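Values below: every heavy atom of this structure, side chains too, minus hydrogens, waters and symmetry copies. Both counts, for ligands and for their atoms, begin at 1 and track the order of listing. Because the structure is predicted, anything quoted here is derived from the model rather than measured.
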Amino acid sequence: MAIIDYRVDDGVAVLTWDDPARPMNVVSGDALAELGAGIERAVADEGVRGIVLTSGKQGVFVAGGDLQQIESLGSGPIDAGDLLERTSAVLDQLRRMETCGKPVVAALNGVTLGGGYEIALACHRRILVDDRYAKVGLPEAGLGLMPGAGGTQRLPRLVGVQAALGLIMQGKQLGPEQALETGLVDELAGRDELVPAAKRWIADSGDAVQPWDRKGYEVPGGGASSVTFAQTMMGANAMTHANTHRNMPSQQAILQAVYEGLLLPMDRAGRVETRQFIRVLQDQTARSMLRTLFFSLQECQKGARRPKDVPRFEVKKVGVLGAGLMGQGIAHVSAKAKIDVVLIDRDLASAQRGKDKVEKTLARRLEKGRTTPERMQAVLDRIRPSEDYDDLRGCDVVVEAVFEDRDLKAEVTKAADARLSDSAIFASNTSGLPITDLAKASSRPETFIGLHFFSPVERMQMVEIVVGKETSEETLAKAWDYVLQIKKAGIVVNDSPGFYTSRVFGTFISEGNHLLVEGVTPALIENAAKAAGMPMPPLAISDQVGLGTMHKVAKQAQEDAAAEGKPWEPSPAQAIVASLIEEHDRWGAHPPPREDGSARRAGGFYDYDDDGKRLWPGLSAAMSRWIATHDEQPSAEEVERRYVFVQCLEAARCLEEGVIADVRDGDVGVIMAVGFPAFTGGPFTYIDNYGLDEFVRDADALSKRHGQRFEPPRLLRDMAAEGRRFYP
Ligand code: NAI
């Protein structure tokens, strides 16, 4: 069956793309061949005045390139010659379309991304359906890729260099209104009006020449010879270095393609892009990111690891216990998924405060045009604040998000337990208490599970599904169904202290402390973490978490030791935090008020003011009692390697111990939940790319120098010895 249907209507050739073998249209060799043939047929037909390109898939024009084809290139070397030939053929074909002499209109009936939008860019007019699900853009950069079918050449010529760079480098996807405003499309039309509007344009003006092929054309805002162009490129270059620390080859390649391409006429400009596109694919970064952030993430979003034999469970009513930061977020995402929510707190006023926070978040979205008053109201109407546990009757799922306190959690578990039916499940959102222990408060521990959400719940996609010793397969399947219903991605984790993602992340923070205590300068500690690709460096995180919280943990340990009659000494890092608080009144970025109610200034490892934050100049002097100062400092690369290795080793230990069962979960989980550097493709991909042998050798060397935490687990030694990898 054909992928593209060809039909002539009122003197206009309508090409309707509807791939019968796929749920969505993607740019494949076969589809392009049919598109090319369709264009030639229309050009040859004298009765045809113009061409409309549209799609038969509901809500989707063309979702992008065939990423499977790119993934199939694997992790080894690629055949650059073959890729050059294929990419050049696509460029030639699109160039032929825009210079074929007859007007071509893209009637975009929905999602138009990547290669799909590049095809639209080679049309003479773009009309987009005015539907909130419609999105257009070039999102390749988000997967470490770059446009390869002329996108980096046509978009800057259409909307100007600065706007195009912003869109391409950030991989932005715009809805109809923004797309029209930015110039990504020329017109919006209702669903049934698309093709008629396209035909009307062909009849009325139907200009078959692209702006850049017209005499006297100038790039909007200034082309290659203008001062603005030079300034924009310089600014973009500096910003890219600052943001990516050279970790993202695709960002540099996009800049290069735009810069060099604009110096050339359109006929030759595409070749510049192709050269960069191949360079990006030759680097492991793009293929690693693609596998983890597209294919593996998709599995987490579809519940690939949900037990298969349990029938699907539909959640109609959910109870949320605790209307604090996490509880209100969980209520929000549940109500958004059309689930009725009972939001319970200690008293009605506290529960109502939780709902008020949901309202505030929605109001901000409304302001930005991301929701409508009707949709906002519908979400709010589904959330019922309450103080009465009887309101939990009829819930399919209860999620507990009260304070992190075992006794309190046991109390609310029992209160819910008495009101739930046998088919309901109970999930704790504890950030670290063992699920198996918490389940003891339930009369049906097999229905007890952990659902570890991340803050802010509305924005964080990931949920760790934590299986306790007693948790049944049925409960796991039901928890999956809830996670999928609220449109989150899940990974399955076996109960263990810190679960998986926090355990891996914890090693990063504690490496920061090790470095501090070794006398490494705070600036190096922080800058190397950023250069390694961590979103926030360790001392800045300590300030955000609050030094008071960290101090409290240490004091609790001291009290526990005293109660058991054991000696206790603070670690140097704990002593530094204690001194910052007790001697310098520095509590972090969000300090609690003083006992008399007066406000404290923000300040911890950093000073904060309206201009931002800077490391506190007094830090070295304040720390000098606990740490030696050295003239000799490690290199930034050495510190970066420590940050990444320490996390990869912990991830490998988690796999060895059975905390996680699947490396794809392991890679996706830490990138999505705790900001492990995305360009690596995750810890297991990182180890694979580094080489098992080399990784074990370098970890051994770190272990000798810095301590046992760098000792590679047996699993890695065995894999290295046997020449195995995590991925084929
Ligand atoms: P929070 O302090 O913002 O909210 C806790 C809420 O529980 C408060 O509104 C409190 O009034 C309510 N509560 C206390 N006793 C109650 C009772 N008997 N019945 C009903 N509600 C009661 O705390 P947050 O941050 O929302 O944390 C909740 C849970 O989620 C904790 O277990 C925490 O460890 C976990 N968690 C927190 C994350 C975070 O980033 N804050 C991330 C992941 C998990």
side-chain contact (heavy atoms from CB on, under 4.5 Å) assessment of D396 paired with Y482: CA-CA 9 Å; D396 304 297; Y482 170 58; over 6 Å; no

Before signing off on this row, confirm whether [X] and ligand 1 have an N or O atom pair separated by under 3.5 Å.
X    : answer
S350 : no
K409 : yes
N429 : yes
D345 : yes
R346 : yes
E400 : no
V412 : no
V402 : yes

Identity and distance of the protein heavy atom lying nearest atom 2 (O) of ligand 1: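 Heavy-atom neighbour on the protein nearest atom 2 (O) of ligand 1: F403 CE2, 3.2 Å.
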
Shortest protein contact, atom 4 (O) of ligand 1 (heavy atom only):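 Protein heavy atom with the smallest distance to atom 4 (O) of ligand 1: G324 CA, 3.2 Å.
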
Residue portion contacting ligand 1 (non-hydrogen atoms closer than 4.0 Å) for [X]:
X    : result
L433 : neither
F453 : backbone
S431 : both

Within-shell test, F454 vs ligand 1, heavy atom, strictly < 4.0 Å: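 False for this residue.
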
Q328 touching ligand 1 at heavy-atom level, < 4.0 angstrom: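 Contact absent.
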
Distance-only side-chain donor-acceptor flag, Q352 / D356, under 3.5 Å: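 Yes, side-chain donor-acceptor contact under 3.5 Å.
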
Geometric cation-pi criterion, K613 with Y606: 6.0 Å, 45°: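 Yes, K613 sits over the ring of Y606.
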
Axial cation check for Y727 ring with R291, 6.0 Å and 45° limits: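 Satisfied, under 6.0 Å and within 45°.
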
Interfacing atoms of ligand 1 (cut-off 4.0 Å, heavy-atom, E404):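 It comes down to these atoms of ligand 1: 31 (C), 32 (O), 33 (C), 34 (O).
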
Donor-acceptor under 3.5 Å (E650 side chain, T507 main chain):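 Side chain of E650 to backbone of T507: no pair is present.
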
Donor-acceptor contact present, side-chain T436 to main-chain K469, <3.5 Å: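 Between the backbone of K469 and the side chain of T436 there is a qualifying donor-acceptor contact (under 3.5 Å).
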
Working for side-chain contact (heavy atoms from CB on, under 4.5 Å), residues V397 and F426: CA-CA 6 Å; V397 175; F426 187 98; over 6 Å; no

Full working for salt bridge (Lys or Arg N to Asp or Glu O under 4.0 Å) between D596 and R594: CA-CA 5 Å; D596 64 7; R594 292 198 179 80; 5.8 Å; no

Contact bool for atom 7 (O) of ligand 1 (protein heavy atom, d < 4.0 Å):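 So atom 7 (O) of ligand 1 has protein heavy-atom neighbours under 4.0 Å.
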
is_close_aromatic(W616, H584), centroid dist under 6.0 Å: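 Yes.
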
Closest to atom 25 (O) of ligand 1 among T430, L325, V320 (heavy-atom distance):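 Checking each option, the heavy atom nearest atom 25 (O) of ligand 1 is found in L325.
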
D417: side-chain contact (heavy atoms from CB on, under 4.5 Å) partners, not counting sequence neighbours: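 Partners of D417 by the side-chain contact (heavy atoms from CB on, under 4.5 Å) criterion, ordered by chain and then number, come out as S442, S443, R444.
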
